[in-house]
Amino acid sequence: MTANTTAIRPQVSLNVIFIMEKNETQAYFGVFKFGDDPSVVSKIMGVKPTKAWIKGDHYSKKHPSATRTHSRWMLESGCGKHESVETHIDALLKMLENLTEQVKKNNKYLFARIGVAQYFYEVNPQFILKPKIGGHHTHLN
């Protein structure tokens with residue numbers, strides 16, 4: 001005789017709450033390969049960096065043996081980390097526009113670039129640069 005048994009599964013309602021973090025953005029003008037003295041860049045640029053370090057500097061209390069792999073002098077956009085990439089780039093380019101001659105002089109002697117770092121937490125991340133933002137960079141060549 002075969003017993004017909006049906007497993008009884010309890011009805012469980014899972015209320016899952018997804019916490020959507022906001023995207024994070026950082027934009028900066030970075031100068032590299034200047035040796036071991038960031039003040040050289042500060043003199044050329046006429047401003048102090050937002051951050052600066054040299055190759056070999058320790059940077060993590062959690063990992064005390066971690067060291068910087070390169071030297072960097074940074075001038076950040078000054079915007080909050082949750083501002084849009086467009087806001088960061090626009091603010092940074094406006095700052096650099098006021099330093100046009102210094103940027104040109106710096107580019108003659110040192111390696112520099114604009115860097116943007118983004119951490120996306122949304123499903124379809126994107127950004128669109130408005131034409132007015134793109135016009136800023138022509139003065140910096």
Side-chain angles (χ1 to χ4, degrees), residues 2-141:
T2 308
N4 187 2
T5 58
T6 305
I8 299 173
R9 294 186 180 157
Q11 295 293 321
V12 177
S13 175
L14 298 176
N15 292 324
V16 179
I17 299 173
F18 291 99
I19 299 173
M20 187 71 161
E21 292 188 53
K22 292 183 178 182
N23 294 339
E24 295 178 20
T25 303
Q26 175 192 29
Y28 64 91
F29 174 74
V31 180
F32 307 83
K33 301 180 183 177
F34 54 80
D36 60 359
D37 186 4
S39 70
V40 170
V41 181
S42 297
K43 286 179 186 175
I44 292 172
M45 294 299 296
V47 295
K48 291 184 178 183
T50 310
K51 295 178 185 171
W53 60 79
I54 58 172
K55 183 177 179 175
D57 279 354
H58 294 274
Y59 65 93
S60 174
K61 290 181 182 179
K62 190 174 182 179
H63 303 284
S65 64
T67 58
R68 301 284 186 186
T69 59
H70 62 279
S71 298
R72 182 185 300 183
W73 183 98
M74 291 175 63
L75 185 60
E76 294 179 310
S77 69
C79 300
K81 69 180 181 179
H82 297 300
E83 294 293 331
S84 71
V85 68
E86 297 90 349
T87 301
H88 278 271
I89 292 172
D90 191 45
L92 182 63
L93 292 176
K94 284 178 182 174
M95 286 170 34
L96 293 176
E97 204 170 60
N98 293 328
L99 300 168
T100 300
E101 292 307 312
Q102 294 93 321
V103 170
K104 288 180 180 180
K105 185 176 179 183
N106 178 72
N107 288 342
K108 186 175 180 180
Y109 300 106
L110 301 168
F111 175 72
R113 68 177 177 206
I114 291 176
V116 177
Q118 287 193 278
Y119 303 93
F120 291 109
Y121 299 101
E122 61 187 63
V123 178
N124 296 309
Q126 65 176 326
F127 67 90
I128 299 168
L129 293 180
K130 298 175 184 167
K132 72 173 189 141
I133 293 175
H136 289 295
H137 79 283
T138 57
H139 299 91
L140 302 173
N141 293 326

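Throughout, numbering of the chain's residues begins at 1 and tracks the sequence.
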Verdict with supporting geometry, Val103 and Met45, side chain to side chain contact (heavy atoms under 4.5 Å, CB included):
CA-CA 7 Å; Val103 170; Met45 294 299 296; 3.9 Å; yes
Do [X] side-chain atoms and [Y] backbone N/O form a donor-acceptor pair below 3.5 Å?
X     : Y     : value
Asp57 : Ile54 : yes
Ser77 : Ile89 : no
Ser71 : Gly35 : yes

State, yes or no, whether a side-chain contact exists between [X] and [Y] at a heavy-atom distance under 4.5 Å.
X      : Y      : value
Ile44  : Val31  : no
Val116 : Leu92  : no
Gln118 : Asn23  : no
Pro49  : Met74  : no
Gln26  : Tyr119 : no
Met95  : Phe29  : no

Distance (rounded to the nearest 0.5 Å) between [X] [atom1] and [Y] [atom2]:
X      : Y     : atom1 : atom2 : result
Lys51  : Tyr28 : NZ    : OH    : 10.0 Å
Lys105 : Leu99 : NZ    : CG    : 13.0 Å
Gln102 : Ser42 : CD    : OG    : 12.0 Å

Considering all heavy atoms of both residues, which atom of [X] and which atom of [Y] are nearest to each other, and what is their separation?
X      : Y      : result
Lys33  : Phe111 : CD-CB, 4.4 Å
His88  : Gly80  : NE2-O, 2.9 Å
Tyr121 : Lys22  : CD1-O, 3.1 Å
Trp73  : Pro38  : CD1-O, 3.6 Å

With under 30° as parallel and over 60° as perpendicular, where do the rings of Trp53 and His70 fit, or are they tilted in between?
perpendicular
Go through the steps for Leu93 and Ile114 under the test side chain to side chain contact (heavy atoms under 4.5 Å, CB included), then give the verdict.
CA-CA 9 Å; Leu93 292 176; Ile114 291 176; 3.7 Å; yes
